Amino acid sequence: MRIEFQDIHKYYGRVRANAGISLVLEPGRIYGLLGENGAGKTTLMRMLAGHTQPSRGRILFDGESVGRLSPSRALGMGVGMLYQDPQDFPALTVWENFRLGGRRRDKRNAIQRLQELGDRFHFRLPPEERATELTVGERQQLDLLRLLDLGANVLILDEPTTGISVTQKETLFAAMNQLAKDQGRTIIFVTHKLAEAEELCQEILVLRQGRLAGQLLPPFRSDELVDLMFGSESGAGGEAGPKLQPNKNPFLSLEHAQLVGEKYALSNASLSIRPGEIVGLAGLEGNGQELLLRSLAGLTRVAKGRIIMGGEQLQGLPYVRFRQAGIHFFPAARLEEGLFPDLSLVEHFQLAFPTARGNPVERLSEEGIRRFRIHAQPFASARTLSGGNQQRLLLALIPKQIKLLLLEHPTRGLDQGAGKLVWHHLAERCRQDTSLIFSSADLEEIKTHSHRILVFYNRRLVADRPSQSISVEEMGRLMAGQATAA
Amino acid sequence: MDFLALTLAGILSAGAPIVLATLGETLTERAGVINLSLDGTILLAAMTGFVLALLSGNPWLGLLASTAVGATSAAAVALLGLALARSQLAVGFILTLLCRDLAYFLGHNYARQLGPELPVWSIPGIRDLPFVGPALGYQSPVVYLSLLLTFFLWWWLFSTRAGLELRAVGEQPWAAFTRGIRVQRLRITYTLLGGALVGMAGGAFSLAVKPGWGRPQGAEGAGWIALAIVIFGGWHPLRAALGAYLFAALQVLGIHLQELFPMLPASLFQVAPFPVMILTLLLVNVGTANWFRDLTLRYPGLKKWLNRWQVTAPAALGRDFRPEKEA
Amino acid sequence: MFSKTSLATSLGRLVAALVLALVLTTLIVLIAGAPPLQTLAILVVGGLGSAAKLAQAAAVWIPLVLCSSALLLTFAAGLWNIGIEGQIILGAVFATGFLRPFPDGGSFLLVMGALMAGMIGGALWALAAGLLRTWGRVHEIFGGLGLNFVALGLTLWLIFGPWKRPGIASMSGTEPLHPTLWLEALGGSSLSPVSLLLALTVFLLVAFVLSSTQWGLRLKAVGQNQDAALLFGLNPQVRILEAMVGCGALAGLAGALQVVGVYHRLLPAISSNYGYTALLVAMLASFRSQIVPVLCFFFAVLNVGSIQLPLQLKLDSSLAGVIQGVLVLSFFLVQGFEERFRVLRRTE
Amino acid sequence: EKKPFVVGMLLVGPYNDRGWSQAHYDAGLYLERKLPDAKMLYLDKVNPADRPGLTLPQLVDDLVAKGARLIIANSDDMTDGAREAAKQHPEVTFIHVSGDDVLTGKAPLNLGNIMGRMEYGKMMAGFVAALTTKTGKIGYLGPLINEETRRLAASCYLGAAYGWEKVRKRPLSELKFKVSWIGFWFNIPGVTADPTQVANRFFDSGHDVVVSGIDTTEALVVAMQKRRAGRQVWAIPYDYEGACEGADEVCLGVPYFNWGPAYLQTARAVKDGGWKQAWEWNGPDWKDINNHDTSAVGFLVGPALSRAANEELARFTRGLATGKINLFRGPLFYQDGSIFLKEGETATDQQVWYMKQLLKGMEGASSPK
Ligand SMILES: Nc1ncnc2c1ncn2[C@@H]1O[C@H](COP(=O)(O)OP(=O)(O)OP(=O)(O)O)[C@@H](O)[C@H]1O
Ligand SMILES: Nc1ncnc2c1ncn2[C@@H]1O[C@H](COP(=O)(O)OP(=O)(O)OP(=O)(O)O)[C@@H](O)[C@H]1O
Ligand SMILES: [Mg+2]
Ligand SMILES: [Mg+2]
């Protein structure tokens with residue numbers, strides 16, 4: 001089936017996830033869909049699968065518009081999608097998961113079919129086990145088998161290779177090739193792993209900030225892809241931070257730690273930080289950098305190893321103790337995790353700086369609002385601020401005296417000028433010996449501001465280098481699993 | 001022997017309305033919706049059922065009316081709690097109070113009147129058996145219905161496609177949505193169906209088990225107990241029914257126990273289900289508490305022990321689902 | 001739960017809800033075969049018509065305001081403290097227990113002590129629900145509900161058991177307190193000026209604490225966003241416990257006042273469902289403490305006036321509860337539709 | 001227009017409970033019929049479970065404000081409230097039904113007590129129960145435990161024992177008479193034991209006649225259900241003359257109160273200003289115990305009572321009327337074996353009124369735990 005996207009726009013509130021994408025997908029081909037985090041890949045695919053509707057534009061199947069797409073209608077058209085986070089039912093058994101939304105089958109039949117398919121790919125999925133007992137990879141396998149069973153004409157695989165072994169991957173790729181070539185199905189393969197895309201795809205589409213940045217045919221060149229994905233111009237580049245002062249001893253260290261998050265764990269992480277040092281974390285989302293930040297903040301558990309700060313062991317202590325030790329965490333989800341939607345700016349200042357009372361708080365707020373150029377009245381509630389202003393408010397609320405500042409995406413959603421302003425403040429703090437660890441999707445930003453850069457891939461720390469000795473391109477390759485650390 | 005059989009008959013009969021209500025709420029909660037209004041709904045349904053039976057002379061019509069009242073009350077939960085996204089708990093709680101008072105208000109003049117009752121059925125093959133006969137042979141239709149429904153729902157929930165979809169909706173509505181299941185529609189349907197069963201429980205009270213209407217009717221508190229039993233029953237029809245019969249047994253035998261142990265306060269037997277509910281909830285939920293997770297890291301045996309006891313609530317219980325908002 | 005809106009908006013909604021509730025109530029009254037206008041008139045006059053009625057309404061207003069104020073604390077912290085009924089009961093139990101060793105009466109200090117004891121009782125019961133929530137992850141609705149029934153069972157056991165009156169055990173409660181341990185009431189009524197003053201003070205205090213203190217702000221912050229509260233170092237778990245304990249203490253005070261000010265003994269139904277009614281008030285007020293006393297008064301008038309229904313129209317008094325419930329549901333309906341339309345408008 | 005003579009009535013249960021409260025309500029209607037300018041104002045469900053938050057004095061204030069000059073409070077639970085209210089309204093006359101404040105001297109001068117001698121009714125109930133039972137096991141569904149309920153249960157037992165021994169000529173040791181208390185005059189879910197369950201338990205454990213001592217009709221309803229399930233059981237309700245209606249197959253009869261005459265007399269006296277405080281304990285009119293204008297208590301024979309038993313009952317009633325049969329004559333023993341009445345001793349009113357325990361031969365608790 002031939003699929004045509006016509007000028008697709010998708011807005012989430014004020015976020016433009018897709019901004020005018022036009023595209024044709026021919027049957028019998030395997031497409032790669034690439035792009036940095038938040039580029040809009042998943043959003044585009046979800047619209048194709050009927051899970052959400054475009055704000056503007058339409059999708060044509062064999063040249064025909066089918067009206068409002070719902071999941072069942074899309075399934076009817078033969079579009080099946082495998083999610084990057086498995087969309088399944090942990091409490092139900094494997095065979096029930098397999099059957100749900102699939103063909104009408106009785107239990108025996110379903111189990112038999114599941115085993116047939118599983119054998120073909122050498123996936124071993126115990127049918128009576130609950131899905132919770134499976135690994136994420138196995139759950140993806142299960143979902144994949146379900147889609148294959150459905151006989152989807154258009155198969156969307158959103159990062160299907162995150163949880164499977166190399167041999168399984170080969171089987172999967174073989175199957176995909178077979179499905180596309182022999183059966184004329186369209187396969188869209190969303191991934192961050194360049195090698196896989198290059199190996200498998202007949203065409204690669206690159207999204208960048210909601211737009212189609214490129215449409216490439218083989219032979220693919222990795223550097224070109226990286227360039228298209230991450231861009232060469234920088235959003236928040238600008239001046240570099242203060243020089244790292246030598247001969248200062250590390251004040252914080254992480255020793256052979258096993259960090260346990262909600263979804264995954266990061267093993268054997270070691271790290272030490274010197275006063276005034278700025279460390280940038282590069283990596284695609286879900287590869288470990290957010291876990292590192294949160295563990296250092298005391299928000300997730302440290303199962304093994306130690307966190308030592310100023311001679312004191314912090315692992316296992318409650319979050320408040322980390323705070324008292326001078327650690328501050330700056331979350332990426334501003335309204336969800338960082339602010340109180342219905343409280344006013346003044347009230348936020350009052351909560352963040354409890355010692356100041358009465359009038360001084362208002363003065364403090366006004367000062368903060370001015371200094372950080374927050375475009376809002378002091379008594380406006382946080383909910384009504386624009387994304388950028390929420391970000392600035394969050395920055396203004398960082399306490400004065402801290403030793404370690406952990407930031408998730410400090411300039412996400414800021415324009416260039418605002419980004420510069422933020423880094424100006426952060427640099428100021430570093431001069432007063434505050435250390436900084438930040439993550440960012442903008443590699444240029446990392447390169448510009450860090451003294452040291454850590455790169456994460458596949459839930460491992462793959463590189464820890466001084467900023468001078470690593471280029472943006474190399475970072476991109478490392479993040480995509482293209483090279484090993486020198 | 002006979003006494004035992006008759007006591008068993010008494011338990012089956014006293015348990016019938018609780019079973020119906022528990023099954024209804026289990027159904028609703030399996031779809032991810034909490035209908036907290038049981039206690040009031042049962043009373044309103046009991047009143048309506050009785051009054052309609054009285055006015056029409058037909059108890060079956062009364063039972064039908066009770067069922068309809070239950071569904072109507074559930075419809076209010078569906079409208080406010082699902083369609084308009086108010087807190088399901090808040091809506092249910094208000095309905096509890098409202099339906100109860102409404103029942104007392106509208107039923108005022110029908111209190112303590114003798115009205116029609118559902119007949120006692122005697123089942124030919126069964127009634128002549130020894131022991132089973134007196135226990136099961138002569139019962140109200142609602143007793144047979146509650147027994148049949150228990151097994152029917154068990155089969156239906158775990159062995160049919162529709163049952164599978166129902167559970168899916170209560171577990172991961174978003175995932176169910178992506179598989180083409182109409183989440184909101186199913187949720188509303190099961191809220192109404194569950195409510196209908198709850199309403200039928202009211203009718204079972206006023207037309208069979210505690211015939212008549214009055215203030216009190218005797219069904220007061222049954223709704224809360226049913227809610228507790230749903231949790232105790234781990235959202236499983238068989239376990240839930242078992243819980244309901246256990247409670248009925250506690251009530252029936254409580255009368256004996258009280259004579260055997262006069263120092264036990266009478267209210268003990270009335271209150272007992274609630275600490276059990278709290279304890280069950282504790283076992284269900286404590287596993288997610290951070291301190292407990294740390295503890296299980298240290299003592300893995302604890303987790304195994306807990307797993308043996310644990311039941312899990314439908315993962316999306318009480319959560320709002322709207323595809324346009326997007327999880 | 002609720003989002004904060006301007007006073008004008010919430011008043012507007014309230015008026016719309018009132019109109020809707022009036023229509024629904026009229027329907028219900030018509031079903032019962034009664035004249036709607038007269039019924040409503042009797043209700044209102046019955047609660048306001050004379051000085052004695054007013055005093056009665058005020059006497060009902062006291063526990064309602066105490067409990068609603070108490071609930072403002074927990075609602076601010078994002079908690080559904082349904083367990084407030086049990087907390088009232090425990091307050092009454094503790095107050096009675098405190099005064100039982102003094103069958104021959106005593107000084108006013110004892111009464112003060114009883115009030116303190118009541119606050120402790122309510123606070124402990126609330127703490128139990130709070131710990132279940134913070135440690136056991138048991139939702140406070142179910143924990144609180146369960147504890148309500150346990151509290152009820154406890155009073156019944158006490159009244160029919162260890163605290164029964166010599167020779168008889170009956171619903172009429174425990175042996176009455178010695179009259180020196182009664183709070184003085186205004187001539188012939190059960191309205192005690194001390195209670196009135198206490199209730200008013202508590203309300204003002206709660207309103208002040210919530211609007212103007214750091215602690216109040218922290219509670220609100222926790223209620224809005226627990227994750228952010230954690231990041232701000234506000235210790236949300238502890239704040240939750242504090243809110244519960246504060247609420248429980250005030251509910252306990254209400255319970256203790258029912259004992260020393262109104263019934264002068266422990267009764268099986270000592271809480272009079274005031275906790276549940278207060279929950280309705282708090283939902284209607286949706287955080288606006290300013291309108292709490294007014295709503296409480298309205299509900300109290302309905303409660304007191306409802307006794308005229310059986311006397312004059314042979315209707316059941318439960319119409320008061322019906323109106324209260326219908327009003328809150330109407331409010332939700334109005335609020336829900338309004339938000340629905342706002343979403344629709346935005347997506348267009 | 002003449003101002004009506006307003007009689008306020010505070011009923012503990014619903015006015016239409018087919019039991020205790022309805023007997024009072026009907027008496028109020030009787031009063032309105034017989035005393036043309038009398039008007040009854042009643043409030044029912046006056047108990048803490050149904051009207052939480054209301055105190056008796058408050059309700060009395062209301063009735064007085066509506067012009068009530070005579071107020072009747074019909075529950076023993078209202079003792080304190082009635083006394084308090086009477087003190088607050090000395091110009092109004094109060095009748096506390098079933099109380100004994102006058103006897104104990106606690107009553108203010110405007111408070112009187114009225115009670116019917118239900119002992120006779122209960123004796124008859126016990127008598128027919130004993131004549132009817134096939135298993136020899138009689139259940140007595142008791143409310144809460146106090147002097148009144150003990151004396152009624154004991155009377156019932158004495159009637160049963162008489163019928164068993166003297167008429168059926170069976171040894172008393174073969175008669176089982178068991179009392180189960182539910183904890184209040186009617187069911188309050190979550191508070192009392194459930195009377196439906198208690199009645200069920202009686203029937204399921206071989207008791208084939210259940211005598212109700214509570215205000216509501218559960219015993220009768222459960223008996224009907226058992227009948228429909230093919231069992232031979234009977235029940236005897238209480239309080240209200242019409243209680244047997246609709247339960248023809250199982251109702252052996254009902255001992256009931258007829259408050260009308262006493263209320264009429266009291267109302268007349270209050271109206272004329274001739275009312276005197278008294279503790280009245282009114283017996284049946286032995287000429288015709290079912291005479292509505294004269295008899296304070298009666299026993300209406302139910303359709304399920306056999307003709308033979310009916311004839312025996314008539315003989316028994318005559319015996320009671322003439323005093324030939326006096327069941328409160330010694331030797332009688334309390335449950336714990338201590339002496340209630342010595343050989344040949346006849347009980348005084350006070351001895352009967354303040355019955356301290358159940359009698360020997362009865363099963364069940366004598367005092368609250
Ligand atoms: N349901 C939603 N509500 C609000 N914003 C959303 C939603 N889904 C996606 N977005 C936003 O839309 C943008 C594009 O997201 P999308 O998930 O399509 O990115 P992606 O390319 O798949 O990224 P990744 O590689 O991290 O999966 C992001 O800024 C994201 O935050
Ligand atoms: N819910 C709301 N209530 C009131 N005002 C709002 C609301 N949402 C947005 N606004 C206002 O609308 C304007 C535009 O907001 P928007 O987030 O689109 O800005 P933006 O261009 O993305 O800015 P930034 O670059 O800071 O993110 C802002 O002034 C904001 O205050
Ligand atoms: Mg994605
Ligand atoms: Mg923006």
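All chains are named by letter (A, B, ...) in the order of the sequence lines, taking the proteins before the strands, and each is independently numbered beginning at 1. If you're wondering where the values come from, they're calculated on a predicted model, not measured in any experiment.
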| request: Return the set of residues passing side-chain hydrogen bond (donor to acceptor under 3.5 Å, both in side chains) with A:T434 (not counting sequence neighbours), or none when no residue passes. | output: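 If we apply the side-chain hydrogen bond (donor to acceptor under 3.5 Å, both in side chains) test to A:T434, skipping adjacent residues, there are no hits.
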
| task | Measure distances from A:L339 to the heavy atoms of chain C and classify the residue's part below 4.5 Å as side chain, backbone, both or neither. | result |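 Looking at A:L339, just its backbone touches chain C.
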
| query | Is chain C contacted by the side chain of A:L335, its backbone, both, or neither, given a heavy-atom distance below 4.5 Å? | reply |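 The backbone, not the side chain.
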
| said: Can you list everything that forms a salt bridge (Lys or Arg N to Asp or Glu O under 4.0 Å) with C:R133? Sequence neighbours excluded, please. | reply: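 Partners of C:R133 under the salt bridge (Lys or Arg N to Asp or Glu O under 4.0 Å) test: C:E140.
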
| query | Listed by residue number, which members of residues 313-326 of chain A have a heavy atom under 4.5 Å from any heavy atom of chain C? | reply |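 So far as heavy atoms go, A:Y319, A:V320, A:R323 are the residues that approach chain C to under 4.5 Å.
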
| Which residues in residues 229-248 of chain C have a heavy atom less than 4.5 Å from any heavy atom of chain A? |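 Hits under 4.5 Å: C:A229, C:L230, C:L231, C:F232, C:G233, C:L234, C:N235.
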
| Under 3.5 Å, side chain of C:N225 to main-chain N/O of A:E336, donor-acceptor pair present? |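 Yes; judged by distance alone, with no hydrogens or angles, the pair exists.
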
| Distance (rounded to the nearest 0.5 Å) between A:E347 CD and C:Q224 CD |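 Here the rounded value is 8.5 Å.
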
| task | Tell me, yes or no, whether the heavy-atom count around A:Q432 atom CD, taken from other residues, nucleotides or ligands under 6.0 Å, exceeds 12. | result |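 Yes, because the 6.0 Å sphere around CD of A:Q432 holds more than 12 heavy atoms from other groups.
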
| query | Taking everything shown except A:R130 itself, do over 12 heavy atoms lie less than 6.0 Å from its CZ? | reply |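 Incorrect, the count does not exceed 12.
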
| request: Would you name the heavy atoms of C:A228 and A:G338 that are closest together and state the gap between them? | output: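 Shortest heavy-atom contact: CB-C, 3.7 Å.
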
